[in-house]
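As structure tokens, the structure follows; a few thoughts come after it.
Per chain, numbering begins at 1; letters A, B, ... match sequence-line order.
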Amino acid sequence: MSESVEIEKKWQTRWEKERVFEVDPDPKKEKFFLTVPYPYPNGALHIGHGRTYTVGDLIARYKRMNGYNVLYPMASHITGTPILGMVDRVRNGDPVAIEQYKRDLRVYLDTEEEVEAKVKEFTDPWATVRFFAEAISADFKALGYSIDWRRKFTTGDDIYNQFITWQYQKFMDKSYIRKGSHPLLYCPNCGNPVGEDDLLEGITAKVKEFTGIKYPFEDGFLVAATLRPETTFGITNMWINPTAEYVRSKVNGEIWIVSSAAATKLKLQAKEVEVLETFSGSKIVGKSCKTVHDNRDIPILPADFVDVDNATGVVYSVPGHAPYDYVALRDLWDDPTGLEEYGISADEVRGIEVVMMIHIEGGSKFLTKHMVERLGVDSQKDEAKLEEATQEVYKTEFYDGVMMDNCGPFSGKRVSEVKDDVIKWLKNQNRGDVFYEPDERPVVCKCGTDVQIAVLAGQWFLDYESPGWKDLARDALNSMGIVPENFRIMFESTFDWLAQRPCARKRGIGTPLPFDPEWIIEALSDSTIYMAFYTIAHKITHNKLKPEQLMLSFFDYVFLGQGKIENVADATGVSSDLLKEMREEFLYWYPNDQRHTSPSHISNHLSFAIFHHTAIFPKKHWIRCISLNEHLVQEGGKMSKSKGNVTPLGEIPKKYGADVYRTYVVSAAEPGSQIEFRESDVPAVRNRLNQFSNILKRFASKTPKVYTKKENPTFATKWLLSKVNSIVDSCTHYLDSFKPRDYALAVMSEMIRSANHYLKRPEVPKEEREGTMAYICDIWVRIAAPMIPHLCEEFWSKMKRNGFVSFADWPAADKKLIDKSTELAFHVVDSTVRDIREIKKLLRGKKAEKVHIYVAPQWTFDAMNGIREADLPLVVGEIMKHLMSNPDFRKHGKAVKNIVDRIAKENGLWDHSKSAKDEATALRDSTRYVESEVGMKVYVHDSANADYDPDNKARLALPGRVSLYLE
RNA sequence: GCGGAGGUUGCCAAGCCAGGUCAAAGGCGCAGGGCUCAGGUCCCUGUCUCGUAGGGGUUCGCGAGUUCGAAUCUCGCCCUCCGCACCA
């Protein structure tokens with residue numbers, strides 16, 4: 001272990017000292033610009049974060065070995081509230097926050113005193129950011145990432161703010177950014193919008209939109225809120241909770257009657273509300289109001305199930321289609337006592353007729369009643385069953401239902417299609433409004449207050465529905481690579497629903513909106529085109545350009561080539577030479593050839609990045625390709641920093657080794673699936689690396705030699721040369737098509753298995769073995785380098801090769817050495833050993849000492865090849881006819897039938913080597929090997945003229961399938 | 001609800017898009033053997049099931065269908081996971 005840590009340190013130091021990954025434009029070399037989203041340095045990164053960066057590094061290294069000038073930069077994202085939030089908590093002495101930071105600090109600091117001292121500094125957000133940005137960069141170096149660190153920055157830097165200012169000014173110029181209002185979760189006590197990290201309970205809560213329907217009542221409206229406005233056509237009565245508190249209030253100039261709680265909420269939802277009178281629900285029970293669609297009088301009935309804390313506390317009743325309403329009405333029919341006190345007679349209630357307004361083709365006539373009875377709902381108190389019935393009814397009616405004739409303009413339409421139209425129709429006649437509620441309860445702010453929905457006026461948002469923008473973005477998407485390709489559809493659907501997106505908040509770190517500086521551009525909106533900033537960030541910092549020099553015209557020139565260089569130089573005070581240099585550097589690196597991250601970013605960050613690129617840059621500078629891999633989680637369920645059940649990224653090199661972790665992460669699963677990091681699997685990975693090392697230690701220093709036909713090498717050598725070159729081909733193919741896992745398996749598992757097998761072959765002469773193995777080591781160390789760069793650098797230098805393996809040429813497969821027939825013949829040896837073992841097992845007690853192997857005659861190979869070439873359909877008769885038409889085969893009569901029967905049974909041809917000679921040579925060459933494997937003496941015969949065949953087995957042999965006789 | 005992904009042999013995980021060579025890669029676990037004073041690491045072999053000759057049977061969420069042939073294609077059903085916006 002310690003040896004590998006030493007090796008890793010050694011090479012990391014050399015890479016850094018010789019600045020090998022610090023890259024500048026090189027017109028002689030083709031560039032490759034790869035980015036992975038910058039991390040958020042509000043604490044130590046954990047083991048899960050490493051996957052994406054590791055895969056990114058694998059790509060960077062592979063491209064580099066393919067001759068590209070590769071730029072792989074990194075920075076820090078500090079926009080938003082999380083860091084400020086943590087800092088506040090530390091400042092307030094919150095023990096949980098302090099302990100969390102201390103845990104992170106212990107990863108990097110040796111003594112408890114240092115930890116204590118450092119955590120005290122964390123009352124300053126910048127101290128926190130500086131520390132963890134450094135820590136993360138050290139973590140990344142310790143994992144061997146080939147990053148150009150000169151270009152680092154944070155999103156809170158003045159120079160970055162200037163860049164974002166420019167970006168948003170561009171949006172403003174294009175009218176992509178606008179002001180409006182938007183509902184969001186809000187804490188009335190704190191007076192702030194709340195996000196996930198502000199919540200004590202209900203962190204998954206979202207805004208749910210109800211339709212408020214205004215039913216005329218006295219001098220105003222009873223405002224009922226519903227999720228199914230289309231059911232207003234089935235209304236029979238109104239429900240009011242007689243014991244709850246209601247108000248009569250002036251809302252935007254109209255008289256509304258809603259629950260007292262609802263009135264408070266309406267105020268938050270940007271309505272002008274003046275409460276005129278507060279009263280108990282019983283006061284209006286027994287009165288009547290009017291329906292919207294046919295202006296009928298309907299009674300207001302008492303209902304205990306009405307929850308005044310939900311929505312408006314006024315519920316309209318649709319017993320035909322809502323189980324709650326049906327059951328409540330049924331309860332009154334069964335037991336009308338108590339109604340008199342509201343002046344309602346039993347007859348009046350019994351006279352209410354259920355109105356059916358949704359028809360389900362081929363379904364129950366009265367689904368609600370049916371469901372209520374099927375589930376055995378006893379009364380309106382039976383909430384669980386009512387909820388289930390409601391869900392079921394809603395689902396069925398929504399999808400299969402058709403509006404009946406009594407639904408005015410919507411008659412005959414599908415329920416699933418009319419909802420929005422009904423809302424419009426209601427609004428048009430001033431009978432509709434919106435009312436927001438969280439979609440779950442409780443939602444509690446960290447201050448202990450119940451969270452409400454507020455509609456804040458003056459919210460800035462990016463309007464992704466601005467004319468033409470989506471078309472541009474779709475154009476970009478269509479011309480862009482998405483790997484794995486199956487994620488493309490997620491982009492498409494995101495583009496479809498993307499509409500207005502708030503892009504600024506009132507608090508947090510970040511860039512103020514240039515035209516409304518009270519607002520800070522939020523974290524997902526200031527991280528969309530910053531890949532461009534990497535191309536010049538180091539020039540800005542090294543030349544100590546001041547933020548105020550980075551005015552709009554500066555970026556216009558550098559990124560867009562706009563303006564006259566002299567004018568820009570005059571205005572900014574940046575020399576023309578430097579401006580030109582930066583412009584050229586930008587033009588050299590841009591566009592971003594590949595952006596690699598996780599699929600969870602598709603619906604936000606990645607889509608925004610695509611949109612924003614199309615808004616700012618010409619087509620040639622749009623992102624070329626997006627690649628994705630799923631998350632890594634640590635065993636034992638979800639990782640959570642607060643639970644402390646995670647391994648910090650910084651501990652990994654010490655605990656497991658960088659190369660081990662890299663191999664694990666690349667090989668555990670393909671990019672599309674999530675991986676679980678299991679401690680118990682680590683030894684297996686380490687073992688594979690050890691085997692790789694051991695083999696290289698043995699042979700890397702020998703002199704490589706390729707044994708060609710002339711030297712008449714053994715079959716095993718020919719096979720290995722072919723196999724290894726095939727593997728090189730596969731590795732290239734796998735990495736080109738973004739299949740890192742297959743690459744990892746080929747370069748580690750398959751190579752090791754092949755090498756081990758070869759080394760087990762006793763017939764290979766020592767000299768031949770060493771020369772061949774040395775040749776293989778030279779290739780192996782290079783194809784393994786992107787995944788395990790440290791180990792490979794070490795061997796590369798031991799092999800006395802020039803320079804770093806990180807910059808060595810990726811090997812090209814030597815096609816001359818690839819011989820599929822030899823590889824197939826090898827399979828025969830392999831399966832023969834397997835078959836002998838199986839038969840041996842079946843012999844039970846009986847001991848066999850000799851095994852006779854019969855290779856099929858040449859004509860059977862000819863026959864198989866003939867069928868293959870003729871490309872016949874798989875019909876016995878056809879194949880038979882084809883073979884029998886050839887006199888060479890006809891003379892074997894019955895044996896031909898055997899082959900054909902076999903083909904029929906196997907449903908086709910199978911792979912085998914070209915000729916009987918190949919197969920026999922492979923077996924004869926492998927005699928000693930087979931003998932040592934099965935512990936029997938081996939005799940290879942040609943079945944055409946077998947001199948020894950006591951059991952008449954020879955005739956059963958087929959190409960690729962020898963026949964055996966054990967005695 | 002909308003949108004997406006997925007259910008493979010004890011576990012993890014390939015295969016599915018381009019149907020046959022798939023009882024289905026690889027890893028873990030387990031079993032036997034080797035190595036070792038012993039244990040671990042390590043190496044080899046095996047690991048659905050039946051079988052005294054390399055073969056047969058039954059499997060890839062469930063049920064139908066297409067096809068000479070389906071883990072792979074179509075339809076229906078059941079189940080799991082993820083995103084749904086102001087949150088980095």
query: A:Tyr530 and A:Tyr38: aromatic ring centres closer than 6.0 Å?
result: yes
- prompt: Quick one: do the A:His631 and A:Ser600 side chains pair a donor with an acceptor below 3.5 Å?
  reply: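 Result is yes, a qualifying pair exists.
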- prompt: Is there a donor in the side chain of A:Thr52 and an acceptor in the side chain of A:Ser598, or the other way round, less than 3.5 Å apart?
  reply: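 No, because no side-chain N or O of A:Thr52 sits under 3.5 Å from a partner of the opposite role on A:Ser598.
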Gap in Å between the two [atom1] atoms, one belonging to [N] and one to [M], rounded:
| N | M | atom1 | value |
| --- | --- | --- | --- |
| B:G10 | B:G4 | P | 32 Å |
| B:G19 | B:C73 | C1' | 7 Å |
| B:G46 | B:C28 | C1' | 16 Å |
| B:G57 | B:G51 | C1' | 11 Å |
| B:G7 | B:C62 | C1' | 11 Å |
| B:A53 | B:G65 | P | 38 Å |
| B:U59 | B:U47 | C1' | 16 Å |
| B:U49 | B:A31 | P | 15 Å |

Without decimals, in angstroms, what is the distance between [X] [atom1] and [N] [atom2]?
| X | N | atom1 | atom2 | answer |
| --- | --- | --- | --- | --- |
| A:Lys840 | B:U45 | NZ | P | 13 Å |
| A:His827 | B:A25 | NE2 | P | 14 Å |
| A:Arg961 | B:A53 | CZ | C1' | 16 Å |
| A:His77 | B:C87 | NE2 | C1' | 11 Å |
| A:His852 | B:A53 | NE2 | C1' | 14 Å |
| A:His631 | B:C81 | NE2 | P | 17 Å |
| A:Arg501 | B:A88 | CZ | C1' | 10 Å |
| A:Arg505 | B:C87 | CZ | C1' | 8 Å |

Sugar-phosphate or base contact per nucleotide [nucleotides 12-18 of chain B; S, B, -; heavy atom under 4.0 Å]: SSSS---
[N]: pairing nucleotide in any strand, Watson-Crick or G-U under 3.5 angstrom:
| N | value |
| --- | --- |
| B:U72 | none |
| B:U80 | B:A5 |
| B:C17 | none |
| B:C11 | B:G27 |

task: Assign each of A:Arg834 and A:Lys953 to its nearest nucleotide of RNA chain B by heavy atoms, then name whichever residue's nucleotide is nearer the 5' end.
output: A:Arg834
task: Map A:Ala499 and A:Asn486 onto RNA chain B by nearest heavy atom, then report which one ends up closer to the 5' terminus.
output: A:Asn486
query: Side chains of A:Tyr656 and A:Glu679: does their closest heavy-atom pair fall under 4.5 Å?
result: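 In short, these two side chains touch, coming nearer than 4.5 Å.
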Regarding [X], tell me which of base, sugar-phosphate or nothing describes its non-hydrogen contacts under 4.0 Å with the strands shown.
| X | answer |
| --- | --- |
| A:Leu966 | base |
| A:Tyr965 | base |
| A:Ser963 | base |
| A:Ala504 | nothing |

Residue among A:Asn42, A:Asp526, A:Thr154 satisfying side chain to side chain contact (heavy atoms under 4.5 Å, CB included) with A:His77: A:Asp526
message: Can you list everything that forms a side-chain hydrogen bond (donor to acceptor under 3.5 Å, both in side chains) with A:Arg698? Sequence neighbours excluded, please.
response: none
Could you go over nucleotides 47-49 of chain B and give all protein N or O partners under 3.5 Å, atom names and distances?
none

message: So if I take every side-chain heavy atom of A:Tyr40 and compare against B:G54, B:G4, B:A88, which nucleotide ends up nearest?
response: B:A88
query: Can you tell which of B:A88, B:G51, B:G27 lies closest to the side chain of A:Pro82?
result: B:A88
message: Please enumerate all residues that pass side-chain contact (heavy atoms from CB on, under 4.5 Å) together with A:Thr390, with sequence neighbours excluded.
response: A:Pro323, A:Tyr324
Electrostatic pair A:Glu465:A:Arg178 at N-O distance under 4.0 angstrom: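 Salt bridge between A:Glu465 and A:Arg178, a charged N being under 4.0 Å from a carboxylate O: no.
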field: Electrostatic pair A:Arg834-A:Asp830, nearest N-O below 4.0 angstrom
entry: yes
message: Nearest 0.5 angstrom please: A:Lys179 NZ to A:Trp519 CH2, how far?
response: 8.0 Å
field: Between CZ on residue A:Phe210 and CD on residue A:Glu437, distance to nearest 0.5 Å
entry: 6.0 Å
- prompt: With sequence neighbours left out, what residues match A:Phe826 under ring-ring contact (aromatic ring centres under 6.0 Å, His included)?
  reply: A:Trp719, A:His757
query: Does atom CD of A:Glu485 have more than 12 heavy-atom neighbours, drawn from other residues, nucleotides or ligands, at distances under 6.0 Å?
result: yes
- request: Answer yes or no: does atom NZ of A:Lys850 have more than 12 heavy-atom neighbours from other residues, nucleotides or ligands under 6.0 Å?
  value: no
- prompt: OP1 or OP2 of B:A88 less than 4.0 angstrom from a side-chain nitrogen or oxygen of A:Thr81, does that happen here?
  reply: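 True: A:Thr81 side-chain N/O within range (under 4.0 Å) of B:A88 OP1/OP2.
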What nitrogen or oxygen pairs link the protein and nucleotides 40-44 of chain B at under 3.5 Å?
| residue | atom | partner | partner atom | Å |
| --- | --- | --- | --- | --- |
| B:C42 | O3' | A:Asn687 | ND2 | 3.4 |
| B:C43 | OP1 | A:Asn687 | OD1 | 3.2 |
| B:C43 | OP1 | A:Gln691 | NE2 | 2.3 |

